[in-house]
Student: 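Dropping a structure here in structure tokens format, bear with me for questions.
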Amino acid sequence: MHIHRFEKIWIGLSLFLIAVCTGIVIYGFVALDLKVPGIADSGTIDPMNLAETEFAQPGVRKVGENEYEVYMVARQFLFLPGTGRPLTLPAGAEVTFHVTSPDVLHGIHVSGTNLNTMVIPGQVATFKTVFPEARTYGMICHEYCGPAHHTMEGLIEIVPPSEFDETTLLTSR
Amino acid sequence: MATPQESNAPTDAPAAEAVMSEERSDIVREISLEEFTPSGTLAVTGAYFLLLLVLYALMYFVEFAGNGPSIIN
Ligand SMILES: [Cu+2]
């Protein structure tokens, strides 16, 4: 089949564009360390019975020198911890969030950041991040979860490591 | 009014041929496919393509990657 040379040029450019888009995403994943939320390796949990899981006591646990784990329950219509009293974390620490729901589908988006995941009953959404500076972030539920969905919000307070009160940490698992 | 059956391709074929024949008086010059060079179209497409690349880079590297903290694992 005969193809006009101009058409060859823009067929080439389209293929180049696909390569560029794919390349940038791979570059972001590998070099910029931009990952996506995952689900826990341990499989599913029973959403009707969170009392028998590590979510029985939602909160922050220290798991390493500068590493923390947050166990958070998103339920109609609050984040625990986060709503009412802010979730407090030290700046610069590696923080792994584990979020689950005992009732319906929720979402969590830390406003002004790329931290965003769905929260599905029976599954544990997991992601790791570092908050570099001491400031307060708002978080909202972004999956419609019921009549008061629009009020479902919370706060994350990032404090300088020297001011972080370790007595608020949970000890047991 | 012709019914759909009457206006089928076989009856239209001679007319379509006539359009392309030398009998058409409004054809000034015939050129081959390779001689047809729509440079303006190429320029506009090229400019749009460059804009697309620049905007994609801005969106990804500034609005997304620069919007930290991000999920790192
Ligand atoms: Cu919700």
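Chain letters run A, B, ... following the sequence lines, proteins first and then strands; every chain starts at 1. Note that this is a predicted model, so its numbers are computed, not measured. When reading the values below, keep in mind they use all heavy atoms of this one structure, side chains included, and skip hydrogens, waters and symmetry mates.
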Student: Distance from Lys35(A) atom NZ to Ile72(B) atom CD1, nearest 0.5 Å?
Tutor: 8.0 Å
Student: In terms of the angle between their ring planes, are Phe49(B) and Phe16(A) parallel, tilted or perpendicular, with boundaries placed at 30° and 60°?
Tutor: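 Ring orientation, 0 to 90° scale: tilted.
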Student: What residue in Thr96(A), Val36(A), Leu13(A) has the most heavy-atom pairs under 4.5 Å with chain B?
Tutor: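 Sorted descending by pairs with chain B, the first entry is Leu13(A).
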Student: Who wins among Pro132(A), Ser14(A), Gly112(A) for the most heavy-atom pairs under 4.5 Å with chain B?
Tutor: Gly112(A)
Student: With a 4.5 Å cut-off on side-chain heavy atoms, are Asn114(A) and Ile71(B) touching?
Tutor: no
Student: Mind checking whether Tyr60(B) and Leu34(A) have side chains closer than 4.5 Å, heavy atoms only?
Tutor: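 Side-chain contact under 4.5 Å: yes.
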Student: With a 4.5 Å limit on heavy-atom distance, are the side chains of Ile24(A) and Phe61(B) in contact?
Tutor: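 Yes. Closest side-chain heavy atoms under 4.5 Å.
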Student: Under 4.5 Å heavy-atom distance to chain A, tell me which part of Phe64(B) shows up: side chain, backbone, both or neither.
Tutor: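 Contact with chain A: backbone and side chain both.
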Student: Please examine the side chains of Arg5(A) and Thr37(B), heavy atoms only from C-beta on, and report whether any two atoms are closer than 4.5 Å.
Tutor: yes
Student: Of all the heavy-atom pairs spanning Pro69(B) and Phe131(A), show the shortest one and how long it is.
Tutor: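 Residues Pro69(B) and Phe131(A), closest heavy atoms: CG-CD2, 3.6 Å.
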Student: Between Ser70(B) and chain A, with a heavy-atom cut-off of 4.5 Å, which part of the residue counts as in contact: side chain, backbone, both or neither?
Tutor: both
Student: Please classify the contact between Leu115(A) and chain B as side chain, backbone, both or neither, with a heavy-atom cut-off of under 4.5 Å.
Tutor: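 Both parts, heavy atoms under 4.5 Å.
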Student: With chain A, which of Ala65(B), Pro38(B), Gly68(B) has the greatest number of heavy-atom pairs at distances under 4.5 Å?
Tutor: Pro38(B)
Student: Does any non-hydrogen side-chain atom of Trp10(A) lie less than 4.5 Å from one of Leu42(B)?
Tutor: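 SC-SC contact between Leu42(B) and Trp10(A) confirmed.
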Student: Linking I/L/V/M/F/W/Y whenever their side-chain heavy atoms sit closer than 4.5 Å, directly or via other members, would Ile140(A) and Ile156(A) fall into one cluster?
Tutor: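 No, no single cluster joins them.
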Student: What part of Ile3(A) is in contact with chain B, defined as an atom under 4.5 angstrom from a non-hydrogen atom: side chain, backbone, both or neither?
Tutor: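 When you check distances to chain B, only backbone atoms of Ile3(A) fall under 4.5 Å.
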Student: Does any part of the side chain of Thr41(B), heavy atoms only, come nearer than 4.5 Å to the side chain of Phe6(A), both counted from C-beta?
Tutor: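 Not touching, per the 4.5 Å side-chain cut-off.
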Student: Might you point out which heavy atoms bring Leu33(B) and His2(A) nearest each other, and give the distance in Å?
Tutor: CD2-CD2, 3.5 Å
Student: Any non-hydrogen side-chain atom of Leu53(B) less than 4.5 Å from a side-chain atom of Val20(A)?
Tutor: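 The answer is yes, as the side chains (C-beta and beyond) meet within the 4.5 Å cut-off.
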